[in-house]
Amino acid sequence: MVTEIRTYKLKKGLSEDFQKIFIEVGLPMLKRWKVNVVDYGLSLVDNESFYVIRGYDSVEQRKKSQEEFYGSDEWINGPNDSVMNCIETYNTVVIENEKLSITRLSSDLE
């Protein structure tokens, strides 16, 4: 199992638009495409940063899932332009689920 953590730096003044599109259009689409959205939302300290955490069986399954989803007519002819127009930049990290252990992370820092 792997977890993808994606963060978006949104264009100034567009965080409400992005969040609305994500919740009302993007999230239902992801669910229809059987993408496991673990969590999402705006940053607690920066109103122009948004995150999405998604779970996948493997790196290969993630790649296939994203190629199918982002290559679909539903995405391309649907919210793609509206979503992308709100994003300044984004970053993605994919990690093995065992790396999410808070105990392990805190002990590694000592």
Side-chain angles (χ1 to χ4, degrees):
M1 302 289 286
V2 297
T3 297
E4 175 195 79
I5 304 167
R6 183 171 290 182
T7 60
Y8 301 92
K9 182 65 174 174
L10 304 175
K11 293 177 183 172
K12 192 161 186 69
L14 294 179
S15 60
E16 286 183 27
D17 293 346
F18 181 87
Q19 186 166 343
K20 181 177 171 136
I21 295 165
F22 180 81
I23 292 170
E24 294 179 4
V25 182
L27 191 57
M29 279 182 63
L30 289 164
K31 288 180 180 181
R32 279 195 300 280
W33 283 82
K34 304 210 182 328
V35 176
N36 178 19
V37 177
V38 176
D39 199 11
Y40 63 89
L42 288 168
S43 168
L44 296 176
V45 297
D46 177 4
N47 195 40
E48 290 166 348
S49 293
F50 191 90
Y51 71 92
V52 178
I53 302 173
R54 299 185 271 203
Y56 296 95
D57 293 334
S58 65
V59 171
E60 295 79 16
Q61 190 261 331
R62 173 189 169 270
K63 181 180 179 190
K64 182 177 188 269
S65 173
Q66 291 196 357
E67 285 173 351
E68 291 173 353
F69 178 81
Y70 291 115
S72 72
D73 287 339
E74 183 179 13
W75 172 256
I76 294 168
N77 298 319
N80 178 56
D81 288 343
S82 298
V83 167
M84 296 309 291
N85 287 336
C86 293
I87 298 170
E88 189 173 304
T89 61
Y90 70 91
N91 292 297
T92 304
V93 175
V94 179
I95 58 174
E96 293 180 39
N97 282 6
E98 64 199 37
K99 305 261 186 205
L100 292 175
S101 168
I102 300 301
T103 304
R104 180 171 179 216
L105 288 175
S106 62
S107 66
D108 287 347
L109 296 175
E110 295 174 0

Val94 and Arg62 have their tightest heavy-atom pair at CG2-NE, 3.4 Å
message = Before you tell me yes or no, could you show the steps for Glu4 and Val93 under side-chain contact (heavy atoms from CB on, under 4.5 Å), namely the whole-Å CA-CA distance, both residues' side-chain angles and the distance that decides it to 0.1 Å?
response = CA-CA 6 Å; Glu4 175 195 79; Val93 175; over 6 Å; no
| message | Do the side chains of Glu16 and Lys20 get close enough for a salt bridge, i.e. N-O under 4.0 angstrom? | response | no
Residue set satisfying side-chain contact (heavy atoms from CB on, under 4.5 Å) with Ser49, at least two apart, ordered chain then number -> Lys9, Ser43, Asp46
To the nearest 0.5 Å, atom OH of Tyr51 lies from atom OH of Tyr8 at 13.0 Å
Heavy atoms of Pro79 and Glu74 approach each other most closely as CD-O, 3.7 Å
Scanning both residues in full, the closest heavy-atom pair of Phe22 with Pro28 reads O-CD, 4.2 Å
Taking atom CD of Gln61 as the centre, report whether more than 12 heavy atoms of other residues, nucleotides or ligands fall under 6.0 Å from it. yes
Minimal heavy-atom distance between Ile21 and Ser82, with the atoms involved, is CD1-CB, 3.7 Å
In Gln66, Arg6, Arg54, the residue satisfying side-chain hydrogen bond (donor to acceptor under 3.5 Å, both in side chains) with Thr92 is Arg6
Note to self: With a 4.5 Å cut-off on side-chain heavy-atom distances among I, L, V, M, F, W and Y, is there a chain of contacts connecting Ile23 to Leu30?
What the structure shows: yes
Trp75 vs Phe69 aromatic rings, parallel, tilted or perpendicular, using cut-offs 30° and 60°? tilted
- Message: Tell me whether Tyr90 at atom OH has more than 12 heavy atoms from other residues, nucleotides or ligands lying less than 6.0 Å away.
- Response: no
CG of Asp39 to CD1 of Ile53, rounded to nearest 0.5 Å, is 5.0 Å
* Stepwise side-chain contact (heavy atoms from CB on, under 4.5 Å) check, Leu27 with Val37 -> CA-CA 8 Å; Leu27 191 57; Val37 177; 3.9 Å; yes
Can you tell me if Asn47 uses its side chain to pair, donor with acceptor, with the backbone of Leu42 under 3.5 Å?
no
Interatomic distance, NZ@Lys11 vs OG1@Thr89, rounded to 0.5 Å, equals 10.5 Å
Closest non-hydrogen atoms of Asn97 and Val2, given as atom of the first, atom of the second and distance, are OD1-C, 3.2 Å
Correct closest heavy-atom pair for Gln19 and Phe50 would be CG-CE1, 4.1 Å
- Report the C-alpha distance between Tyr70 and Asn80 in whole Å, list the side-chain angles of each, state the deciding distance to 0.1 Å, and finish with yes or no for side chain to side chain donor-acceptor pair (under 3.5 Å). CA-CA 8 Å; Tyr70 291 115; Asn80 178 56; over 6 Å; no
One should read off an interatomic distance between Leu14 CG and Ile87 CD1, to the nearest 0.5 angstrom, of 10.5 Å
